[in-house]
Amino acid sequence: MKIGFIGCGNMGSAMIGGILKNGVFEKNEIIVSNLTEEGSRRSQEKLGVVTTLDNCEVVKNANIVILAVKPQFYEEVIGEIKNFLTPQHMIVGIAPGKTLAWLEEKCEQPLKVVRLMPNTPAQVGAGMTGACVNDRVTEEDLDQILAITNSFGRTEVVPERLMDAVSAVSGCSPAYVFMFIEAMADAAVAQGMPRKQAYQFAAQAVLGSAKLLLETGMHPGELKDMVCSPAGTTIEGVRILEKNGFRSAVFEALQGAADKGKKM
Ligand SMILES: NC(=O)C1=CN([C@@H]2O[C@H](COP(=O)(O)OP(=O)(O)OC[C@H]3O[C@@H](n4cnc5c(N)ncnc54)[C@H](OP(=O)(O)O)[C@@H]3O)[C@@H](O)[C@H]2O)C=CC1
Ligand SMILES: O=C(O)[C@@H]1CCC=N1
């Protein structure tokens, strides 16, 4: 086995989905551990990878070990596995607030350490991942990490000081985007549109807007202005959003998420 996941819930399974789809690793090269038998069965049935309930088995069988448990379990899990870690291992944290230095300190030995902040759109190959590494990680190691993260979307290598910003702007933001889509769909339902259709319209509008911005490279303000006809319908909505503090609410939410990450 070449890559291991300790924990295989929402994020772990999304990452493995991309890795398998793009052939970065074969099923028999991936080992995952779950906490429960039910979780282990789910990983086996859904992904067809090698499964175990023993976290140490993951470390014994894989050089790249991704810690895909919730942040509050990081310390406990590292305590279990640290005696099986070697200088050949790359330990990969994906939790907010768990810094390269913290991970290395808890592992109690000099190690190759990677921090990733992926997001759930990885499930459909449209993820965005921020990555940073410590100085033991070689160019070749980083290429291997990027092959993994690029298999489920795009990746940017950033200085570690930006990881809390990454966490807010792409790790957490899918939740806020889904709230926005839900709210837009509710409004369309209020106007008489069937709910299922309302989700299609709202989601496709968000997808298309993101694609337009990424593909044209235009400023979001300019793209917004292209939609707003003088004395038209859109600018009326813009006025109401501004009156209700839309931008400020988004700003505060991301600031809060980033600040929370710094405290974790
Ligand atoms: N969800 C997201 O959008 C994002 C999450 N992250 C980070 O990813 C990490 C995982 O989050 P997420 O996938 O959402 O969480 P989930 O709750 O979906 O999955 C957690 C997984 O950890 C397993 N687990 C719990 N305790 C242990 C243990 N002691 N040993 C082995 N496995 C254990 C669970 O097993 P079982 O299946 O048996 O219950 C489960 O598979 C977190 O650190 C989070 O901050 C990062 C970016 C985005
Ligand atoms: O809510 C969280 O803490 C995790 C990290 C980014 C997305 N989910």
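Atoms within each ligand, like the ligands themselves, are counted from 1 in listed order.
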Side chain, backbone, both or neither: which part of [X] comes within less than 4.0 Å of ligand 1 when only heavy atoms are counted?
| X | result |
| --- | --- |
| P71 | both |
| V77 | side chain |
| E38 | neither |

N/O to N/O below 3.5 Å, does that happen between [X] and ligand 1?
| X | value |
| --- | --- |
| F73 | no |
| G9 | yes |
| C8 | yes |
| E80 | no |
| N55 | yes |
| N10 | yes |
| N119 | no |

Numbered atoms of ligand 1 (with element) below 4.0 Å of [X], judged on heavy atoms:
| X | answer |
| --- | --- |
| A95 | 43 (O), 45 (O) |
| T120 | 2 (C), 3 (O) |
| M117 | 46 (C), 47 (C) |
| P96 | 45 (O) |
| V69 | 9 (C), 10 (C), 22 (O), 24 (N), 27 (C), 32 (N), 33 (C), 42 (C), 43 (O) |

Point-to-point distance, once rounded to the nearest 0.5 Å, from CG of L20 to OG of S151: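 Those atoms lie 8.5 Å apart.
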Whether R42 lies under 4.0 Å from ligand 1, heavy atom: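 Within the 4.0 Å threshold, so yes.
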Of [options], which has the heavy atom at the shortest distance from [atom]?
| atom | options | result |
| --- | --- | --- |
| atom 38 (O) of ligand 1 | I6, L67, T129, T36 | T36 |
| atom 47 (C) of ligand 1 | P118, S13, G97, G93 | P118 |
| atom 28 (C) of ligand 1 | L35, V32, I94, V58 | L35 |
| atom 15 (O) of ligand 1 | K70, M15, M11 | K70 |

Heavy atom of the protein closest to [atom] (residue, atom name, distance):
| atom | result |
| --- | --- |
| atom 2 (C) of ligand 2 | P96 CG, 4.5 Å |
| atom 8 (N) of ligand 2 | G171 O, 4.5 Å |
| atom 23 (C) of ligand 1 | G7 CA, 3.6 Å |
| atom 1 (O) of ligand 2 | C172 SG, 4.9 Å |
| atom 20 (C) of ligand 1 | A68 O, 3.8 Å |

Hey, are the side chains of [X] and [Y] touching, using non-hydrogen atoms and a 4.5 Å cut-off?
| X | Y | result |
| --- | --- | --- |
| V114 | V137 | yes |
| I66 | M15 | yes |
| C132 | V157 | no |
| I91 | K112 | no |
| V238 | V227 | no |
| F5 | T51 | no |
| P96 | M117 | yes |
| T233 | E236 | no |

Whether over 12 other heavy atoms sit under 6.0 Å from E156 CD: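 Counting neighbours around CD of E156, 12 or fewer heavy atoms of other residues, nucleotides or ligands fall under 6.0 Å, so no.
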Under-4.0 Å protein heavy-atom contact, atom 4 (C) of ligand 2: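 No, there is none.
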Donor-acceptor pair, side chain of E29 and main chain of E26, under 3.5 angstrom: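 Yes; at least one donor-acceptor contact below 3.5 Å.
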Check: A183 main-chain N/O paired with D186 side-chain donor or acceptor under 3.5 Å: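 No; judged by distance alone, with no hydrogens or angles, the pair does not exist.
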Nearest heavy atoms of A198 and A185, plus distance in Å: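 Closest approach of A198 to A185, heavy atoms only: CB-O, 3.7 Å.
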Salt bridge present between R41 and E38 (N-O < 4.0 angstrom):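 No salt bridge links R41 with E38.
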Trace of the salt bridge (charged side-chain N to carboxylate O under 4.0 Å, His left out) decision for E242 with R239: CA-CA 5 Å; E242 294 291 14; R239 181 183 69 77; over 6 Å; no
